[in-house]
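A short write-up of the structure that comes next.
All chains are named by letter (A, B, ...) in the order of the sequence lines, taking the proteins before the strands, and each is independently numbered beginning at 1.
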Amino acid sequence: MALPQVGGGSYHFNSNNFMIEAESVPQVEGPYPLSTLRHSVAHLMASAVQKLYPGAQFGFGPAIEHGFYYDFELPEPLTEKDLRKIEKEMRRIANRSPKIEKSVVSREDARKQLQEWGQTYKLEGLDLIPEDEEITFYFHGDGDVRWGDLCEGPHVDSLKDHNFVFKLQRVAGAYWRGDEKNPMLQRIYGTAFWDKEAMDVHLAWLEEVKLRDHRKLGSDLDLFSTHEEAGAGFVFWHPNLGTVRREIERYWWDLHTAGGYKPVYTPHVSRESLFAVSGHLENYGDMMYAPMDLDALPYRVKPMNCPGHALIFKDRGRSYRELPVRWAELGTVYRYERSGVVHGMLRVRGFTQDDAHIFCTPEQLADEIAGVCKLVDTVLKTFGFEYKAYLATKPPEKTIGDDAIWERATESLKEAAASVDLELELDEGGGAFYGPKIDYKIKDALGREWQNSTIQCDFNLPERFDLHYTASDGSQMRPIMVHRAILGSLERFVGGLIEHFGGKFPVWLAPTQVAVIPIREEHAGYAKGLAERLEAELFRVEAMLDAGHMNKKIKQAQKDQVPYMLIAGEREAAEGTVAVRRRGTREQTVVPFEQFLEMVTGIRDTKSLEVPEP
RNA sequence: GCUGCUGUAGCUCAGUGGUAGAGCACUUCCUUGGUAAGGAAGAGGUCACGGGUUCAAGUCCCGUCAGCAGCUCCA
């Protein structure tokens, strides 16, 4: 999809290059910051709602990352159709009396005013304003559309004298003040920009997000499904995505083997008492599935893998000489998620973590963390993700472990990051109750941030399981346990990957890597030979040899996002060449088959994200 | 879980109380085509599921399940 030309830079989403060129996003300067404009448009919207739905109660209406929203309590539910009506009214109001005026009032006058208007939520909002802060109202409109709002501002001075565009996007429910114990209000989301082109680019971005939705691609590309028969939040991986997953797992195990990790496997079901020891029952019980009775004892499906790994550590005495131990498991866990939150592959009720636990001494901690940081870097770069890392430190209360060990562990995290040139942003007090951690945020091809990788120090589980090792002086010491996941969960990671790549998987991951298409049926023999040569090199090949039209096969292979098509007719058969057509292009390059094979082998084996010409 | 919306063929969707439809995909036959839709015929639906209203329900009502946009919560 080609987007409007903006500021001399063109903007293409759908080329073979899956990344979006972020630098070509236009930055249009208006007379006020964009967030001020959006906040003012939120007011404009609220006044229109007031006009159309007398008796509306108003909640909050701030500017947000890509626009704004305003929460209302209305006698009837809004539909998308009502949004057009509200937009129309907004334009009318803005044209008629566009000035926005600020009015500073006393707390008492503010209260009186809001009582007069009958705005109960706003009155509650008034009480949230600190004593020493100035209280302001902003007014616009006149006559029957005169509208004011308790608001700290700032706002644009006029809704008419500056050029801007806006659009109301959707309506949804939202709890008053974000608390599910409070009543639910109706929220209208919208956006506003200083110029139409910028908004068009933003809307096109939203379209692209929709096109790349892993649920849509999941069905278009035959990747995965969920089933009413199986229940919400349980993912069925189809052969195509199974192939992607197997490649990722193979890569993951190779890296971990090289990194000194040993594989472990632990049961999906264990006695409930195990989770009492680990503390999961107490702290995580709401997320766990109900117990099942086996021989009159309660058993549970595991929500995490760590208790199992702790049991393995505890199975025999450990010496300082064998530390650190690094144990990895692609461990499938089950967690109860409320029905409204399950979402494709990104939020599910059963998933596989790329889990590993490192048991080490405090002295070893920094080196171990550094090793994990390197591993994370390698993996994320392989998939083309940029990332940022955050150091989450000791929360203010309810923690386990004395200050000395917290300090030492936090220092180790810092030291480790420094040793691998990893910049850490501080997330003060963001650690778990059981230890400090480093969290990674990755940025995908659409510029969206995801949280996947995490490295967590744990002082709690070693305590609860009474884990120990014999130190060189013969004393019994407590190991530190490091939990770490790089992908997070395979479901969420691969679901995100589908969107990151827009279904255009790099060669090493692509379910079908090469499609072989004969021009006429009589060339099928040559084509078959090519396919066999590729299969002998362990390529995943689709040999489209049946009697059908070449054009249909090309169309099919393009739709399936196959990175390379080899098209072979009389000339190619005579010369031992292939006409190579790359994903997302219409050009062909005719090269000797051997040359193609060598090129594509290199691309695959280096896990390149490119799909170059041969 | 909550608010609102939705569920008709594999997919996208039409069908507002009276005999279930279209395009694409699929199957068969014809077509032998040099880079994204050749032609014809055919098959395919317990209208998510259960109950109710009605002479009559895909259509109206209630419930359940599943999905969508969010909220809240999370890998």
Side-chain angles (χ1 to χ4, degrees), chain A residues 59 69 71 73-74 76-82 169-189 210 213 215-216 219-220 222 225-234 284 286-287 303-305 331-333 335-355 439 450-454 483 485-493 495-496 515 517-524 547-560 565-572 579-582 584-590:
Chain A
Y69 67 78
D71 290 341
E73 188 179 276
L74 300 171
E76 57 189 286
L78 293 171
T79 67
E80 303 278 328
K81 272 194 205 118
D82 297 320
Q169 291 165 300
R170 68 179 79 88
V171 51
Y175 299 109
W176 164 238
R177 295 182 60 196
D179 187 332
E180 62 183 319
K181 290 194 276 296
N182 286 338
M184 182 156 280
L185 308 177
Q186 297 193 61
R187 173 172 295 179
I188 300 178
Y189 284 93
K210 216 196 254 171
D213 189 312
R215 294 164 300 180
K216 170 148 183 54
S219 116
D220 289 352
D222 195 9
S225 53
T226 57
H227 298 271
E228 192 173 334
E229 296 91 323
F234 297 108
Y284 210 73
D286 291 348
M287 300 288 284
M304 291 192 194
N305 302 302
T332 304
V333 298
R335 299 182 186 175
Y336 172 72
E337 295 284 0
R338 299 206 283 177
S339 62
V341 306
V342 298
H343 182 94
M345 300 184 77
L346 300 184
R347 190 76 183 271
V348 295
R349 286 174 165 172
F351 56 93
T352 302
Q353 294 182 304
D354 69 314
D355 215 350
D439 284 330
W450 308 75
Q451 215 248 278
N452 285 290
S453 314
T454 182
H483 310 254
I486 299 174
L487 310 175
S489 88
L490 282 154
E491 282 73 8
R492 183 174 282 184
F493 186 79
I517 300 171
I519 285 173
R520 282 201 306 278
E521 216 173 347
E522 68 208 65
H523 309 130
H549 285 236
M550 173 187 66
N551 279 352
K552 273 194 172 174
K553 295 174 183 173
I554 289 171
K555 184 185 158 204
Q556 190 59 46
Q558 288 282 21
K559 274 181 67 181
D560 292 344
M565 278 179 240
L566 299 186
I567 296 164
E570 223 159 304
R571 291 201 294 275
E572 288 79 9
V580 179
R581 180 170 165 153
R582 296 150 62 214
T585 71
R586 306 176 77 111
E587 301 91 54
Q588 313 94 50
T589 317
V590 178

Protein-proximity profile, nucleotides 46-51 of chain B, B/S/- by nucleotide at the 4.0 Å heavy-atom cutoff, equals ------
One should read off an interatomic distance between A/R492 CZ and A/W450 CH2, to the nearest 0.5 angstrom, of 8.0 Å
For A/R338, salt bridge (charged side-chain N to carboxylate O under 4.0 Å, His left out) partners two or more places apart
A/E180
Nearest whole angstrom, please: distance from the C1' of B/U35 to the CZ of A/R571.
11 Å
Is the backbone N or O of A/R347 less than 3.5 Å from a side-chain atom of A/E337, with the two atoms forming a donor-acceptor pair by type?
no
Which residues share a side chain to side chain contact (heavy atoms under 4.5 Å, CB included) with A/S219, sequence neighbours left out:
none
How far does the P atom of B/U12 sit from the matching atom of B/A25, given to the nearest Å?
15 Å
Using side chain to side chain contact (heavy atoms under 4.5 Å, CB included) as the criterion, list what pairs up with A/D355, not counting sequence neighbours.
A/N305, A/Q353, A/H357
Pairwise N/O distances under 3.5 Å, protein to nucleotides 22-24 of chain B:
none

Would you find a donor on one side and an acceptor on the other, under 3.5 Å apart, between the side chain of A/D82 and the backbone of A/T79?
yes
OP1 or OP2 of B/A69 less than 4.0 angstrom from a side-chain nitrogen or oxygen of A/R215, does that happen here?
yes
Protein-nucleotides 28-32 of chain B N/O pairs under 3.5 Å:
unit_1	atom_1	unit_2	atom_2	d
B/U31	O2	A/H549	NE2	2.8
B/U32	O4	A/E521	OE1	3.1

Kindly say if A/R581 contacts the phosphate of B/G34, meaning a side-chain N or O under 4.0 Å from OP1 or OP2.
no
For A/Q558 and B/U35, what is the distance between atoms CD and P respectively, to the nearest whole Å?
14 Å
Who passes side chain to side chain contact (heavy atoms under 4.5 Å, CB included) against A/V580, sequence neighbours left out?
A/Y564, A/L566, A/V578, A/V591, A/F596, A/P614
Can you measure A/I188 atom CD1 to B/U3 atom P for me and round it to whole angstrom units?
19 Å
Atom CD of A/E229 and atom P of B/G67: how far apart are they, to the nearest Å?
11 Å
Nearest-Å distance, CZ (A/R177) to C1' (B/C2)?
18 Å
For A/E491, give me all partners under salt bridge (charged side-chain N to carboxylate O under 4.0 Å, His left out), at least two apart in sequence or on another chain.
A/R245
Find the distance between CZ (A/R215) and OG1 (A/T226) and round it off to the nearest 0.5 Å.
10.0 Å
Kindly write out the residues that satisfy ring pair (Phe, Tyr, Trp, His ring centres under 6.0 Å) with A/F351, not counting sequence neighbours, or none if the list is empty.
none
Who is the Watson-Crick or G-U wobble partner of B/G18, with both distances under 3.5 Å?
B/C55
Under 3.5 Å, N/O pairs linking protein and nucleotides 8-15 of chain B:
none

Starting at atom CD of A/E572, determine the distance to atom C1' of B/G34, rounded to an integer number of angstrom.
8 Å
Using side-chain heavy atoms (C-beta onward) and a distance below 4.5 Å, is A/P518 in contact with A/E572?
no
Heavy-atom protein contacts under 4.0 Å, nucleotides 70-75 of chain B, coded B base, S sugar-phosphate only, - none
BBBBBB
Distance in angstrom units between A/K81 NZ and B/G4 C1', rounded:
14 Å
Using atom types as modelled and distance alone, determine if a side-chain donor or acceptor of A/E76 lies under 3.5 Å from a backbone N or O of A/L78.
no
Across all chains, not counting sequence neighbours, the side chain to side chain contact (heavy atoms under 4.5 Å, CB included) partners of A/I519 are A/H523, A/M550, A/I567
